[in-house]
Protein chains: 2
Amino acid sequence: MKKPVRMRDVAEAVGVSPMTVSRAFKPGGAVDDETRAKVLSAANRLGYVFDSTASTLRSQRTGFVAVTIPSLNNANFADTFRTLNDSLETAGLQILLGSTDYRVKTEEKLVDQLLRRRPEAIVLTGSHHSERTREMITRADIPVIEIWDQPEHPLGHVIGFSNADAIRPVVRHLAETGRKKLGFVGASDTADFRGRARRLGVLDEAARLGLPTPALISAGPAPVSMVHGARAVADNIADIRKLDALICVSDQVAFGAMSECARQGMHVPGDLAVTGFGAFEIASVSSPTITTVDVQSSEIGSLTGTFLVDLLQGRTDPSPLRCRIRTSLRLGNSS
Amino acid sequence: MKKPVRMRDVAEAVGVSPMTVSRAFKPGGAVDDETRAKVLSAANRLGYVFDSTASTLRSQRTGFVAVTIPSLNNANFADTFRTLNDSLETAGLQILLGSTDYRVKTEEKLVDQLLRRRPEAIVLTGSHHSERTREMITRADIPVIEIWDQPEHPLGHVIGFSNADAIRPVVRHLAETGRKKLGFVGASDTADFRGRARRLGVLDEAARLGLPTPALISAGPAPVSMVHGARAVADNIADIRKLDALICVSDQVAFGAMSECARQGMHVPGDLAVTGFGAFEIASVSSPTITTVDVQSSEIGSLTGTFLVDLLQGRTDPSPLRCRIRTSLRLGNSS
DNA sequence: ACAGGTCGTGTTATCGATACCATAAACAGT
DNA sequence: ACTGTTTATGGTATCGATAACACGACCTGT
């Protein structure tokens, strides 16, 4: 239980001032090469570990970026988060992650907690926030990026796509291939705003094309995944036999639905077309492969990361960015 | 660009000392209820945001827990991380997450970075670390937990299972059902230590049971997932036709393998049994369902979380814990 | 030779909260 | 009445690094 080594101790050991040690630890610090080498070797010998907390307080730069995502077990956001993390960590930034559990109230508490850490920027998944959340973030006066959506009233920067528009090509594709009686499988509640937007997109596009109103089939409360897709089909099999296409809110749900269809003796795509959303691995590996919408989740993460790094280093115009991620229909054998 | 509100400003507004404001913000702070209410309302009115950085420096408590995992897109660790995060955040602890990319050198750099933030504890996935990593962590003098493994020489606490032992029942099950010519599909390199341990477990158990040495089929470098399982089967189809069981390093690989088998006209389990590992959603939703090993990934996370919270609050004996997570064979229709 | 520049280093004050101790008031027990 | 205890609050020093400024040594060009 000896007391921890501080910068001062290293300085004394080398015979320089703490300031010189400080500079030796900064990548761009103006120190003589020889001095730096001596400092670093002494630091290593003494077991000195740089204290970011003190540095942060004095310099007012935390190196933190706060990130909120709806759910950690939703594979949808894993890719985005991973690529975002990769971009940021090379710039020496550390993510503070929190999950909102699809609730604006939870998001509010989370944002309050995160802001106490003085992040240099904040990334929010989605665009629906409580009034207080908006206020806290505005007052924090740091860059904000909303991702995975196209908000009407953005808080700051936007890197995402319209979930409603992204799914329209699916409806058109189904209509073009002669499918008329559509169904939509998604979460029952309205907590998953992106899922809800997709549902609205489906309904609207079907109306525009003069198709009958799609049947809405609930897969239970968000987040929904494979088992929920399977259960939704099992629970509504009679209705589903009357349809000729099932539009699912995600590839996971689509896969679950397809697998239950197989169990029920329905042939995909012969008896029923099934589509997903998100272009996840499962879509290209399942049989049949799933018709889906590629939203480039990795792209969202890496774009956000590089943009943020440029912004924080002052290399980028800080005026609000609205970046629309290009989404595309990817045909599989399920439709 | 007005200057930020500090505790002192709130104190002045209410007419108390900063110390009282400080206490009003602590859950257990001894302040008059009325005073606290006045302080909090003033804080809210002025837009004061508590500054954890300063608090941390003075009190020497950061509220951080450092966590390293091999890969963020490996679904294996998502459940563990999610439940761990849930337990910790209710206790007001914030995770600092880093991914090691399955490399000890990357882990070393990561640990160095994370320790600078002065975490109150560190959680490492796996048990293979560089000498320098071990040294840094030992010197940091904070609780360490190694998860997802059973290290021979633990750094501190252990919450995990033996990957080699966990997969033995799979081999026994296959032997009992008359399968003799086994194959193992996993990552080619030795970077994924847990995958390697499973392979060794398969080889050893096969030898004990007097079975011929299982064929080793590479699915490429770690991390491996569905597409790699499918490709491994496609690339080695001639060899695989001679086998009667395929033991895969994970459910994802097993699913990919099964789907390629279907494409190749091989029937599972008729022509070939296929098994996975991890008991992920895909195992119970795919058809056929996959025989797998349930390792309770969620359990690992929540156990680690509650243990850590108890430890940091001094409610638990700090002597090294070695917790063996019970694993179990879960039969599916794929074998 | 000298003004003006760069480079490496030291001195001092400070970032914003809180540990530690002191104090005053209220109240109980003998 | 006096001591001891509890509760609510304030004053001061401090956590460990660094921004800002100062300074001397060494260039470099005219």
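Because only heavy atoms are used, hydrogens play no part in the values below, and waters and symmetry mates are left out as well, while side chains stay in. Here is the naming used below: chain letters follow the sequence lines, and residue numbers restart at 1 for every chain.
Contact between the side-chain N/O atoms of B/K26 and the OP1/OP2 oxygens of C/dT18 is found at a separation under 4.0 Å. Contact annotation: A/T20 reaches the phosphate of C/dG10 (side-chain N/O to OP1 or OP2, under 4.0 Å). OP1 or OP2 of D/dG16 sits under 4.0 Å from a side-chain N or O of A/R6. An OP1 or OP2 oxygen of C/dT9 is reached within less than 4.0 angstrom by a side-chain nitrogen or oxygen of A/T35. Applying the 4.0 Å criterion to OP1 and OP2 of D/dA17, one finds that A/Y48 has a side-chain N or O inside that range.
To the nearest 0.5 Å, the span separating CG on B/L115 from CD1 on B/I142 amounts to 5.5 Å.
Partner of B/H128 under the ring pair (Phe, Tyr, Trp, His ring centres under 6.0 Å) criterion, chosen from B/Y102, B/W148, B/F193: B/F193.
If you take CD of A/E12 and C1' of D/dG16, they are 14 Å apart, rounded to a whole angstrom. One can place CZ of B/R8 at 11 Å from P of C/dT14, the figure rounded to the nearest angstrom. Atom CZ of A/R118 and atom P of C/dG16 are 8 Å apart (whole Å). Between A/D32 atom CG and D/dG24 atom C1' there is a gap of 15 Å when expressed in whole angstrom units. The nearest whole Å value for the distance from the CE atom in B/M7 to the C1' atom in D/dT14 is 16 Å. Nucleotide D/dA17 holds its C1' atom 14 Å from the CZ atom of B/R117, rounded to whole Å. For B/D33 and D/dT7, the CG to C1' distance is 12 Å, given to the nearest whole Å. Remark: C1' of C/dG16 and CZ of A/R58 are 11 Å apart, rounded to the nearest angstrom.
Mapping B/Q60 and A/S22 onto DNA chain D by nearest heavy atom places B/Q60 at the nucleotide closer to the 5' end. Nearer to the 5' terminus of DNA chain D, by closest-nucleotide assignment, is the contact made by B/S17 (compared with the other of A/S55 and B/S17).
At a threshold of 4.0 angstrom between heavy atoms, the contacts of A/V16 are confined to the sugar-phosphate backbone, with no base atom among them.
Using a 4.5 Å heavy-atom cutoff, the side chains of B/L40 and B/F25 are in contact.
Although no hydrogens or angles enter the test, the distance criterion places a donor-acceptor pair under 3.5 Å between the side chain of A/D32 and the main chain of A/E34.
A side-chain donor-acceptor contact under 3.5 Å links B/Q150 and B/R322.
No more than 12 heavy atoms of other residues, nucleotides or ligands sit less than 6.0 Å from atom CG of A/D33.
Electrostatic pairing of A/R8 and A/E12 does not count as a salt bridge here, judged by no charged N lying under 4.0 Å from a carboxylate O.
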| Sugar-phosphate or base contact per nucleotide [nucleotides 21-27 of chain C; S, B, -; heavy atom under 4.0 Å] | -------
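Among the nucleotides C/dA17, D/dA19, D/dA17, the one closest to any side-chain atom of A/M19 is D/dA19.
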